[in-house]
Amino acid sequence: MERETSNAVVHQTAILGERVKLGWNVVIAENVKIGDDVNIEDNVVVREGTVVGSGSAVGSNSVLGKAPITNLRIKRKPKALPPLEIGNNVSIGAGVVINRGSVIGNGVLVGDLASIRERVSIAANSVIGRSASIELNTKIGNRVVVETGAYITGDSILEDDVFVGPEVSTSNDKYMGLRPYPYQGSIIRQGARIGNNATLLPGVEIGIGAVVGAGAVVTQAVNANQVAVGVPAREIGQVSSLFHKDDE
């Protein structure tokens, strides 16, 4: 571990690997495990039990393993959660907050100011863009891209190779708290693509390989390999007939 020029506070029960670099004012709590060749920049807080894999990097002012908070208005109260797990070669930007109970896979990139809630899983080599928000109980597959400012509501599913454009908004409560509803976010199947500023209503399913146009409001399922545009969104044809790949 390299921290000769740092004033980091490391709990005596924490385990740090070889060649770990800690910036100024870093706090490493009890039972944290950090792999080899990890770089943690200034003012980062790593909460109890968090695991950070080898080769990972954490930007300044981030908080890893934060416990969720609540008040009288919150319906789903926080429960006991396992520690946050961060895989190998993960890149975490500045000002990122990731809660306990989540699992971040190998090679994931999390942009500056992103927020990832509890019980979220993000598989290998995915990208969570700057200021994106990933709410609780969400599952994100391999090689998924969630662009800048997108809001992925709780209880969503994003399968492998999904693309979510900037400022996309999703929701999981059909009645907006006025009556009971089984929370269900969007289900975006493998390889589907969602354009900038699109809005997906609770529980809608976007089929395999489908494309949702920019600014669309999706109120019902979009079939596999279909293009849907407009407000409300409607299918206008097959992806293969409307989009042409340049094979040269």
Side-chain angles (χ1 to χ4, degrees), residues 76 102-103 105 107-109 111 114 116-117 119-129 131-248:
R76 293 191 283 185
S102 290
V103 178
V108 168
L109 184 149
I116 299 174
R117 290 278 303 277
R119 297 189 297 275
V120 170
S121 63
I122 303 175
N125 301 313
S126 290
V127 175
I128 307 300
S131 299
S133 295
I134 313 296
E135 296 285 9
L136 72 171
N137 300 332
T138 289
K139 295 181 180 179
I140 295 177
N142 297 282
R143 301 173 300 278
V144 170
V145 175
V146 177
E147 286 279 8
T148 298
Y151 176 77
I152 306 301
T153 192
D155 312 280
S156 295
I157 299 172
L158 282 62
E159 294 185 343
D160 295 346
D161 301 303
V162 161
F163 177 91
V164 176
E167 306 297 337
V168 166
S169 179
T170 63
S171 54
N172 67 352
D173 185 351
K174 183 176 181 179
Y175 302 111
M176 296 176 285
L178 293 176
R179 56 186 287 191
Y181 181 77
Y183 296 111
Q184 178 60 65
S186 300
I187 302 167
I188 308 177
R189 298 299 185 190
Q190 183 173 357
R193 283 160 168 71
I194 315 298
N196 296 19
N197 296 102
T199 299
L200 278 56
L201 269 60
V204 296
E205 181 170 339
I206 311 300
I208 293 172
V211 172
V212 173
V217 177
V218 183
T219 62
Q220 59 186 358
V222 177
N223 290 309
N225 300 308
Q226 291 289 316
V227 178
V229 300
V231 182
R234 68 191 191 284
E235 294 178 0
I236 61 171
Q238 290 272 348
V239 171
S240 59
S241 64
L242 297 173
F243 292 83
H244 302 281
K245 293 183 179 180
D246 185 357
D247 295 326
E248 297 181 0

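All values derive from a computational prediction rather than experimental measurement.
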(Q) Just so I know, are the side chains of Tyr181 and Met176 near enough to count as touching, which here means a heavy-atom distance under 4.5 Å? (A)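 Tyr181 does not reach Met176 side chain to side chain.
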
Q) Distance-only, no hydrogens or angles: does the Thr170 side chain make a donor-acceptor pair with backbone N or O of Tyr151 under 3.5 Å? A)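 Checking the backbone N and O of Tyr151 against the side chain of Thr170, a donor-acceptor pair under 3.5 Å is found.
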
Value rounded to 0.5 Å, distance of [atom1] in [X] from [atom2] in [Y]:
X      : Y      : atom1 : atom2 : answer
Ser126 : Asp160 : OG    : CG    : 8.0 Å
Arg119 : Leu136 : CZ    : CG    : 5.5 Å
Lys174 : Gln184 : NZ    : CD    : 13.0 Å
Lys139 : Ile134 : NZ    : CD1   : 15.5 Å
Ile208 : Asp161 : CD1   : CG    : 11.5 Å

What's the shortest heavy-atom distance between [X] and [Y], and which atoms?
X      : Y      : result
Gly141 : Ala123 : C-CB, 3.4 Å
Ala114 : Gly129 : CB-O, 3.8 Å
Ile206 : Ala192 : CG2-CB, 3.9 Å
Asp155 : Thr138 : N-OG1, 3.6 Å
Gly165 : Ala150 : O-CB, 3.9 Å
Asn137 : Val120 : N-CG2, 4.3 Å

(Q) With ring pair (Phe, Tyr, Trp, His ring centres under 6.0 Å) as the rule and sequence neighbours excluded, what pairs involving residues 185-236 come up? (A) none

Q) Taking atom CZ of Arg234 as the centre, does the number of heavy atoms from other residues, nucleotides or ligands within less than 6.0 Å exceed 12? A)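 Atom CZ in Arg234 is not packed in, count stays at 12 or less.
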
Q) Which residue pairs satisfy the side chain to side chain donor-acceptor pair (under 3.5 Å) criterion with at least one member in residues 188-197, sequence neighbours excluded? A)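 Listed by first then second residue: Glu159-Arg189, Arg189-Glu205.
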
**Q.** side chain to side chain donor-acceptor pair (under 3.5 Å) partners of residues 210-233, not counting sequence neighbours, each pair once
**A.**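 Every side chain to side chain donor-acceptor pair (under 3.5 Å) pair that includes a residue of residues 210-233, provided the two are not neighbours, is Asn223-Glu235.
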
Q: Kindly indicate, with the supporting measurements, whether the criterion side-chain contact (heavy atoms from CB on, under 4.5 Å) is fulfilled by Leu201 and Val217.
A: CA-CA 8 Å; Leu201 269 60; Val217 177; 3.9 Å; yes

Q.
Assess the residue pair Glu135 and Asn172 against the criterion (side-chain contact (heavy atoms from CB on, under 4.5 Å)); give the C-alpha distance rounded to whole Å, side-chain angles, the decisive distance to 0.1 Å, and a yes or no.
A. CA-CA 10 Å; Glu135 296 285 9; Asn172 67 352; over 6 Å; no

Q) Under the criterion side chain to side chain contact (heavy atoms under 4.5 Å, CB included), which of Val103, Val146, Ile116 is the partner of Ile122? A) Ile116

Q: May I have the step-by-step check of side-chain contact (heavy atoms from CB on, under 4.5 Å) for Ile140 and Ile128, ending in yes or no?
A: CA-CA 10 Å; Ile140 295 177; Ile128 307 300; 4.1 Å; yes

(Q) Using side-chain contact (heavy atoms from CB on, under 4.5 Å), reason through Ile188 and Leu200 one step at a time and then give a plain yes or no. (A) CA-CA 10 Å; Ile188 308 177; Leu200 278 56; 4.0 Å; yes

